[in-house]
There are 2 protein chains.
Amino acid sequence: MSDTRDKILEIGRRMVQSNGYNALSFREVAAEIGIKSAAVHYHFPTKGDLGGALANKYAQDAQSFCDGLLQSGDTAEKMFRAYTGVFRAALADNNRMCLYGIMAAEYDDLPPGVRVEVDKFTEVNLHFLEALLKRAKPELTSADIGTRALAIFSAIEGAQLVARGRKDITVFDNALAAHQAVGLTF
Amino acid sequence: MSDTRDKILEIGRRMVQSNGYNALSFREVAAEIGIKSAAVHYHFPTKGDLGGALANKYAQDAQSFCDGLLQSGDTAEKMFRAYTGVFRAALADNNRMCLYGIMAAEYDDLPPGVRVEVDKFTEVNLHFLEALLKRAKPELTSADIGTRALAIFSAIEGAQLVARGRKDITVFDNALAAHQAVGLTF
DNA sequence: ACCTGAACACCGTTCAAGT
DNA sequence: ACCTGAACACCGTTCAAGT
């Protein structure tokens, strides 16, 4: 876990969240650190390795965050708002997207090793939402819970996608408010 | 409107829908047609010009489709199902995405000329959904209609994004069914 | 262990030149 | 009007070589 390696991961994550996996450039990452691109390849042999490491770290961070929320003892409403706050923060930070959302859009262009890590992120999020639903809406069947978690997750990702396209964070807020108003979310 | 120009647009559209604007390659387009990449530049001087033309045509086609639906005299439910069917068809066709969705994800990496055309597509879709809402849910205020249209549009785009990431079209169907079940859509 | 220099085949773009 | 050939600066990747 060298210092250089961490810098690569941090700069790489920002690049992907801003412009996508395709726009992730070894030469640009290297230039920002002040080394040569070949040195980046020493830490991450291929672009797929770097992309996979980025997605893996992202999924792992999401896991820790969700676990922390579930153990907080807060209401489902409060946990849900803290959860969506993370997606909102990405938009507030220079119109960035959740790393998952942008990589899902590029999915077919992703190396298999990156796809696996992207899939992990989805699982983490769905499990969190299912746990919330189980607490807040005990009247739902377990099949309905699975479907509803998917519907909520896709609604959040879509709100982020459209808000980014409009460069307007209030689009995100309004979409989520509407989803809540009809009873889709918490 | 030469034959070559049309071929470029068709191949280019498929490339963007599969792998994004960044993966759109003049050399690959040229190779598929059997000409040199410089010849593609004759029709579209820059990549931004080609991307803009693709997004423009996409928005225009959406406009025609939505206009046709609104004039069909069908119920809002039937029109909405025909509308979402287009997004579904993209997924069914080799896990492709709506051109808008993938370009919205890459938004910050897009040349200004492409962004303008991407924005047009959003407007077309929001106007269509607002027209549907006005008919089917006359109890909503005009402010609520705008918010609701945004919420529905983002929910559809998100369902497509997540379904693509999971390479599973039933995710799209289930998410839309859940959105309908809670009364978000029609 | 970590990095550089140089090479490879790719890319968008430009432009003179061909028909 | 439409296309080619050749060049430019970019890209990911490889590998021998340096420390």
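Letters A, B, ... are given to chains in the order of the sequence lines, protein chains preceding strands, and every chain is numbered from 1.
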Canonical and wobble pairing (Watson-Crick, G-U, under 3.5 Å) of DNA chain C, dot-bracket with |: ||.|||||...|||||.||

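Comparing dT4(C), dC3(C), dT13(D) against the side chain of T4(A) picks out dC3(C) as the nearest. Comparing dC3(D), dC11(D), dG12(C) by their nearest atom to the side chain of A39(B) picks out dC3(D). Minimum atom distance to the side chain of K36(A) is reached by dG5(C), of the listed dC3(C), dC11(D), dG5(C). For Y42(B), whose side chain is taken as the heavy atoms from C-beta onward, the closest listed nucleotide among dC3(D), dG12(D), dT13(C) is dC3(D). In this structure, the nucleotide among dA7(C), dT13(C), dC3(C) sitting nearest to the side chain of H41(B) is dT13(C).
In H41(A), the NE2 atom is crowded: over 12 heavy atoms of neighbouring residues, nucleotides or ligands sit closer than 6.0 Å.
Residues satisfying the side chain to side chain contact (heavy atoms under 4.5 Å, CB included) test with D67(A), not counting sequence neighbours, are Q63(A). Under the rule for a side chain to side chain contact (heavy atoms under 4.5 Å, CB included), the partners of E117(B) that lie at least two apart in sequence or sit in another chain are A55(B), N56(B), K120(B). Under the side chain to side chain contact (heavy atoms under 4.5 Å, CB included) criterion, D49(B) pairs with F44(B), P45(B), T46(B), not counting sequence neighbours. Every side chain to side chain contact (heavy atoms under 4.5 Å, CB included) that A104(A) has, sequence neighbours left out, goes to Y100(A), L161(B).
Near DNA chain C, defined here as any heavy-atom distance below 4.0 Å, there are no residues from residues 46-58 of chain A.
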